[in-house]
Amino acid sequence: MRIRSKLFYERALKSIPGGVNSPVRACKAVKSDPIFFERGEGPYLIDVDGNRYIDYVCSWGPLILGHSHPEVIANVYFAIKKGTSFGAPTWQEVELAELIKSCIPSIEKIRLVNSGTEATMSAIRLARAYTKRKKIVKFEGCYHGHVDSLLVKAGSGLITFGIPSSPGIPEELTIHTLNLPFNDFSAIEKIFKEYGKEIAAIIVEPVPGNMGVVLPKDGFLEFLREITIKYEALLIFDEVITGFRIGLSGAQGKYGIIPDLTCLGKIIGGGLPVGAYGGKEEIMNFIAPEGPVYQAGTLSGNPVAVSAGLATLKELIKPGTYEKLESLSKRLEEGIKEVLKKLKLSYQLNRVASMFTLFFTEKEVIDFQSVLSSDTQKFAIFWQKMLDKGIYIPPSQFEAWFISLAHEEEEIDKTIVAIYDVLKEMH
Ligand SMILES: *Cc1c(COP(=O)(O)O)cnc(C)c1O
């Protein structure tokens, strides 16, 4: 029973649009009311009615250590006792910048902001200023925050100029955004042939997580690197999810690509609002006050937020963390695959490191179009039944599930059994 959640939701609807402060929380895609949570403990979430769930949302990615990690809480407490914000530099910012640089060598200089959206917005501005060009290439199904110029949908045909995907965005703001299918080499080749000299940058989630997890084809990221070098455009890796998720050096470390700029967020804030963008020194020196490109923030580098990020990264650099995440994730993947085999279902599971998606489709999922072949009705039923078994997965088919260091084999095995029971009931 979720009586108190329901009551809070009714109240919320009267004061907050849709009752939520970020749309996907409303659980509309799974035909449910939102759940209001009271607290988090390791791999568990506890709602306001006292129900406990094994959590695979992990606040949409940041909580790679799980909820209420003692080191994070202690560090935040230590910082907050000294004040919440100074609007002036603090030592924590320097430490976080140095720590990130030491893990991601392509980042020679880094600027902290307050969200992933701010990071991508600023990186795009910087890329345009540096190249003195206007056009940006992005990929269908990749999400880069709610930046006006990046909220575009594809029109018809392979090569498409961005059409705003939300009212309130004039076409003039998306006309320079070129929206292409992910993993499509020839579409990219074609667009660079036509507009190469006008393209400031490609921005890409190297492993997209925001249409559900989709893996780059062999050579795809290398291809993006080569073509941007050839046409003197910048390559921006949006690693807001993959940064410190796929490994200490993110997707760029795993795939061996050196982007010009990298956007970070989520994990580097340890559950508090932090984003960042960084890259080659020569490019980053264009940012004010060193250079002419304006970008600022009242609370940027906030000592409390940064202390949560620092504590998180310091845990992650300890030996064995990514090995543990990999072994748990592999256990869950293999368990789910065995369940599917037993039930003679051929749903697709895409995984990299501790992020994955189970797609309710039999088609191989390699881009936005194949993602859309998923049966979202079935997913909605699956989500509800999993919830009733005490397992909280993202309330949309088109999202990544995350495993944290707080998960143990016990939670993983319970999840596999629940998936078996639920899918068996459904089919
Ligand atoms: C979450 C996300 C963003 C936006 O970050 P916010 O902190 O929500 O603004 C940008 N890019 C990617 C890849 C993301 O997953």
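Atoms within a ligand are numbered from 1 in the order they appear, just like the ligands themselves. Below, all heavy atoms of this structure are taken into account, side chains as well, without hydrogens, waters or symmetry copies.
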Check: Phe139 ring centroid to Phe368 ring centroid under 6.0 Å: no
Side-chain donor-acceptor pair present, Tyr277, Glu118, cut-off under 3.5 Å: no
Pair Phe379 and Tyr347, ring centroids less than 6.0 Å apart: no
Show the distances, to 0.1 Å, for all pairs joining an N/O atom of ligand 1 and a protein N/O atom that are shorter than 3.5 Å, listing one pair per line.
unit_1, atom_1, unit_2, atom_2, d
ligand 1, 5 (O), Gly116, N, 3.4
ligand 1, 7 (O), Gly116, N, 2.9
ligand 1, 9 (O), Gly116, N, 3.4
ligand 1, 9 (O), Thr117, N, 2.8
ligand 1, 9 (O), Thr117, OG1, 2.5
ligand 1, 11 (N), Tyr143, O, 3.3
ligand 1, 11 (N), Asp238, OD1, 3.3
ligand 1, 11 (N), Asp238, OD2, 2.7
ligand 1, 15 (O), Asn210, ND2, 3.0
ligand 1, 15 (O), Lys266, NZ, 2.6

Expected list for residues 243-260: side-chain donor-acceptor pairs under 3.5 angstrom, two or more places apart:
unit_1, atom_1, unit_2, atom_2, d
Arg245, NH1, Ser354, OG, 2.9
Arg245, NH1, Ile403, O, 2.8
Arg245, NH2, Gly61, O, 2.9
Gln252, OE1, Ser106, OG, 2.5
Gln252, NE2, Glu239, OE2, 2.9
Gln252, NE2, Thr262, OG1, 3.0
Asp260, OD1, Lys280, NZ, 2.6
Asp260, OD2, Arg225, NH1, 3.2
Asp260, OD2, Arg225, NH2, 2.9
Asp260, OD2, Leu235, N, 2.8

Cationic N near anionic O, under 4.0 Å, Arg39 to Glu41: yes
Member of Tyr44, Phe8, Tyr392 meeting the ring-ring contact (aromatic ring centres under 6.0 Å, His included) criterion with Phe37: Tyr392
